[in-house]
*Asks:* 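Let me begin by handing over the structure; questions about it come next.
Chain A is the first sequence line, chain B the second, and so forth, proteins listed ahead of strands; every chain is numbered from 1. A quick note: this is a predicted structure, and the numbers were derived from the prediction, not measured.
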2 protein chains.
Amino acid sequence: MAGLEDVARAAGVSASTVSRAMSRPDMVAPATLERVRAAAAELGFRANPAARALTTGRTGYLAMVVPDLHNPFYGGVISGAQRAAERRDVRLVITVTDGRPEREAAALRDLAGQVDGFALLSPVSTTADLTAARRRAPVVVVNRRVPGVTSFTADTPGGLARIFDRLGELGHTDVGYLAGPPGSWMDRRRRAELRDRAGRHGLRLREFGPVRPAFAEGAAAADEIVASGCGAVLAYNSLLLLGLLFEFGRWGIRVPTDMSVAAADDMAFADLPGQPVTALRVPAVELGRRAADALLAMAGGTGRRPASRTLPTEVTLTGSVAAPPARR
Amino acid sequence: MAGLEDVARAAGVSASTVSRAMSRPDMVAPATLERVRAAAAELGFRANPAARALTTGRTGYLAMVVPDLHNPFYGGVISGAQRAAERRDVRLVITVTDGRPEREAAALRDLAGQVDGFALLSPVSTTADLTAARRRAPVVVVNRRVPGVTSFTADTPGGLARIFDRLGELGHTDVGYLAGPPGSWMDRRRRAELRDRAGRHGLRLREFGPVRPAFAEGAAAADEIVASGCGAVLAYNSLLLLGLLFEFGRWGIRVPTDMSVAAADDMAFADLPGQPVTALRVPAVELGRRAADALLAMAGGTGRRPASRTLPTEVTLTGSVAAPPARR
DNA sequence: GTGAAAGCGCTAACAG
DNA sequence: CTGTTAGCGCTTTCAC
């Protein structure tokens, strides 16, 4: 591994000049800069991040604290964050919590001082713990809104509401909602929104779950949902809906003839030809990008913390939503 | 952030003693050890990994180079690796390559010297590049076998072969295989195995794809597969099979009456009640654990590189596989 | 068994 | 604009 000193020698300058050339090119004479760059390229020089961290106090790492890597939504968020981070030569450290608050707390504790900031995806910690964490390191939250903490969310409650309204117009009377992870802030918001809508339209909202948002859980819930007599069901995410559809298929329940369906995210359905399933288009990658950018801005220490944002979701009502089957 | 010096002061010893107490407890008198530990706990001391990296040359980071976070198989591998790593107080850095060799090469280049080792999941680089990388840093490969590089794979070709054999016994004559990512080593192995089997049994193997292993691609491929007249189809992974099943469901194609199906991994189907789909149980978490352990052993520098392993896959033939429909 | 001192590779004043 | 100097927080000889 070539070091600063090696490059300096090769370029005939001092180590500090090399350092400056790399991190503040405008402070170096053009001619020198060029020589240094040539030498650095020649030797394949890459600054040792540990050494840099020691002097600057910035580690060049961002922590992504994620409940579950099987859920493609988080995959999207992480991809987005990674792209944003690598542009600034920052790396992503990943911690899987299985949605357990104690593991979230452990990540916050163990990684404090080792990263320049934390992106917590759908955190389950208390608001108090989250705001407390913010005092020790830059923190942003994705898929939950926490007062006092920069948060990035998608407006899935709003999107679901639109689907719900449409179901009402179509003449549905009983609409199911298969709820997501217990303790999920976002799930609570969606339910609250749907209840409100149901009340206004005089529809019955049937709530199922909460369940872990996985294919198997969706499949397992199908039974109860069908038995309940719902003519439509909204699922917390696309994995759950996939599970439902799988079981519906096995039992010969036709979509949307016998049952209308929709999901609060489109991760599994993205790029499907002909959009056969109504699902909210959720900007997962964009959420990740914003989270990383916000964290880096905070670590940059350029003043106030970045504003929270709720990104709109897109709904395209498609063939999976239709009028209810004739009353039995 | 409490430092070594703070703990030393609190415990009434020198910084070196604290350092030893933390990393080589046996070199410290029991009584001293206890005092130091108490002080460290009291102050919430955590060694600064950057400083440690600088002196020891070990960074405490492992790179996970992964093609695609939407694929739950990689989620499993990463979870396993993370658990193994955190036990030794090592962190995971993640890089998403989208299955592009140049991004793989970039990760190897940019992270060299910044991590203690690389776990490459389903890498697409040439064998030459991979073996070359091994000279610069510890490298292990998951889901591919590379001569001279410690590799961890699951015997999915063998598992698929068993399913294929069973289809033969059941009287199938035309079996489809929906192939995975172009350039995938593992996919080539599976095809080779299936071709061999087909030859021996006098079955026709119909190959579809290769396609990106995602739900949408499975759905898109359903058309062609049905049209081909296959009575059974094996899919590169469970995401693809889900896509197929989704389309089959829409068209009223019944499984297994009209079509037998199976997938080469069970990630999406894990924990499904009643195992309605034949899929190989792939030890993803275990693969990740082994990869991390091997890397840490290599970084430990305790001599020879760890041996490669192919882990067995489990097949339980279930209701999604049956005799072919009567010839039309 | 413990302390003093040197130094890992870099950045950041501070002179010049 | 560039070089010199002093650490960042640890680990590690080397004495004691």
Side-chain angles (χ1 to χ4, degrees), chain A residues 1-37 39-40 43-61 89-91 111-116 299-301, chain B residues 1-37 39-40 43-61 89-91 111-116 299-301:
Chain A
M1 289 277 83
L4 219 42
E5 204 70 50
D6 303 308
V7 179
R9 204 166 11 248
V13 294
S14 77
S16 358
T17 300
V18 178
S19 172
R20 275 189 288 259
M22 306 311 284
S23 37
R24 244 115 52 155
D26 47 304
M27 292 183 67
V28 168
T32 318
L33 184 56
E34 191 158 344
R35 256 186 312 142
V36 172
R37 282 192 170 153
L43 298 171
F45 169 77
R46 324 228 80 221
N48 178 330
R52 172 177 288 168
L54 210 48
T55 34
T56 61
R58 308 200 22 200
T59 62
Y61 287 100
D89 204 38
V90 164
R91 292 152 304 282
L111 257 36
Q114 309 194 8
V115 297
D116 297 332
Chain B
M1 289 276 83
L4 219 42
E5 202 70 50
D6 303 307
V7 179
R9 203 165 15 244
V13 295
S14 76
S16 351
T17 301
V18 178
S19 173
R20 275 190 286 259
M22 304 312 283
S23 38
R24 241 113 55 156
D26 48 304
M27 292 184 67
V28 167
T32 318
L33 184 57
E34 191 158 345
R35 257 186 311 143
V36 172
R37 282 191 170 154
L43 298 171
F45 169 77
R46 323 228 81 220
N48 177 330
R52 172 177 288 168
L54 210 47
T55 34
T56 60
R58 311 204 14 206
T59 63
Y61 288 99
D89 205 37
V90 164
R91 292 151 304 281
L111 258 33
Q114 309 194 8
V115 297
D116 297 332

*Asks:* Is there a donor-acceptor contact under 3.5 Å from the side chain of B/R91 to the main chain of B/D89?
*Replies:*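 Flag set: sc B/R91 to bb B/D89 pair under 3.5 Å.
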*Asks:* Nearest 0.5 Å, please: how far is CG in B/D116 from OG1 in B/T56?
*Replies:*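 Going from OG1 on B/T56 over to CG on B/D116, the span is 7.5 Å.
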*Asks:* Under 4.0 Å between a side-chain N or O of A/T17 and OP1 or OP2 of D/dG3?
*Replies:*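 Affirmative; the distance criterion is met.
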*Asks:* So which of residues 6-14 of chain A are in contact with DNA chain C, with a heavy-atom cut-off of under 4.0 Å?
*Replies:*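 Residues of residues 6-14 of chain A under 4.0 Å from DNA chain C: none.
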*Asks:* With sequence neighbours left out, write down each residue that passes side-chain hydrogen bond (donor to acceptor under 3.5 Å, both in side chains) with B/R37, or none if nothing qualifies.
*Replies:*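 For B/R37, no residue satisfies side-chain hydrogen bond (donor to acceptor under 3.5 Å, both in side chains) once neighbours in sequence are set aside.
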*Asks:* Could you tell me which non-hydrogen atom of A/F45 sits nearest to which non-hydrogen atom of A/M22, and how far apart they are?
*Replies:*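 Looks like CD2-CE, 4.0 Å.
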*Asks:* Which residues pass the side chain to side chain contact (heavy atoms under 4.5 Å, CB included) test with A/A21, not counting sequence neighbours?
*Replies:*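 Result, side chain to side chain contact (heavy atoms under 4.5 Å, CB included) vs A/A21: A/V28, A/L33, A/V36.
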*Asks:* Could you give the distance from CZ (B/R52) to OG1 (B/T59), rounded to the nearest 0.5 Å?
*Replies:*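 So the gap between those two atoms works out to 11.5 Å.
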*Asks:* Would you list the atom pairs, donor with acceptor, under 3.5 Å between side chains in residues 4-11 of chain A and any protein atom, with sequence neighbours excluded?
*Replies:*
| from | atom 1 | to | atom 2 | distance (Å) |
| --- | --- | --- | --- | --- |
| A/D6 | OD1 | A/R9 | NH2 | 3.1 |
| A/D6 | OD2 | A/G3 | N | 2.6 |

*Asks:* Measure the distance from CG on A/N48 to P on C/dT11 and round it to the nearest whole Å.
*Replies:*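 Nearest whole value for this atom pair: 9 Å.
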*Asks:* Quickly work out the B/R52 CZ to C/dG9 P distance and round it to whole Å.
*Replies:*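 Value for this atom pair: 18 Å.
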*Asks:* Specify the separation, in whole Å, of atom CG of A/L43 and atom P of C/dG9.
*Replies:*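 From A/L43 CG to C/dG9 P: 15 Å.
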*Asks:* For DNA chain D, what residues of residues 24-37 of chain A have any heavy atom nearer than 4.0 Å?
*Replies:*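 A/M27, A/V28, A/A29, A/T32, in order of number.
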*Asks:* Check nucleotides 13-16 of chain C for protein N or O atoms closer than 3.5 Å to its own N or O atoms and list the pairs.
*Replies:*
none

*Asks:* Just how far, in rounded Å, is P of D/dC10 from CG of A/L54?
*Replies:*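 So the CG-P distance, A/L54 to D/dC10, works out to 9 Å.
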*Asks:* Tell me whether the side-chain N/O atoms of B/S19 come closer than 4.0 Å to OP1 or OP2 in D/dT11.
*Replies:*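 B/S19 to D/dT11 OP1/OP2: side-chain N or O found under 4.0 Å.
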*Asks:* Using atom CG of A/L4 as one end and atom P of D/dT4 as the other, report the distance to the nearest whole Å.
*Replies:*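 Between P of D/dT4 and CG of A/L4: 14 Å.
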*Asks:* Would you name the heavy atoms of B/M1 and A/A112 that are closest together and state the gap between them?
*Replies:*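 That would be SD-O, 3.9 Å.
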*Asks:* Stepwise, does the side-chain contact (heavy atoms from CB on, under 4.5 Å) test hold for B/V13 with B/R35?
*Replies:* CA-CA 9 Å; B/V13 295; B/R35 257 186 311 143; 4.3 Å; yes
*Asks:* Could you give the distance from CG (B/L111) to CD (B/Q114), rounded to the nearest 0.5 Å?
*Replies:*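 Between B/L111 CG and B/Q114 CD, I get 5.0 Å after rounding to 0.5 Å.
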*Asks:* Would you mind reading off the distance between B/M1 atom CE and D/dC10 atom P, rounded to a whole angstrom?
*Replies:*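 Answer to the nearest Å: 10 Å.
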*Asks:* Heavy atoms only, 4.0 Å cut-off, all strands: where does B/T56 land among base, sugar-phosphate and nothing?
*Replies:*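 Sugar-phosphate contact only - B/T56 comes under 4.0 Å of backbone atoms but never of a base.
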*Asks:* Rounded to the nearest 0.5 Å, what's the gap from OG on B/S19 to CE on B/M27? Could you check?
*Replies:*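 Nearest 0.5 Å value for the OG-CE distance: 10.0 Å.
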*Asks:* For the side chain of A/T55, counting heavy atoms from C-beta on, which of D/dC10, C/dT11, C/dC8 is nearest?
*Replies:*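 For A/T55, the side-chain atoms sit closest to C/dT11.
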*Asks:* In this structure, how many angstroms lie between the P atom of C/dC10 and the CZ atom of A/R46, rounded?
*Replies:*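 In whole Å, C/dC10 P lies 12 Å from A/R46 CZ.
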*Asks:* Can you figure out which of C/dC10, D/dC10, C/dC8 approaches the side chain of B/A47 most closely?
*Replies:*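 Nearest listed nucleotide: D/dC10.
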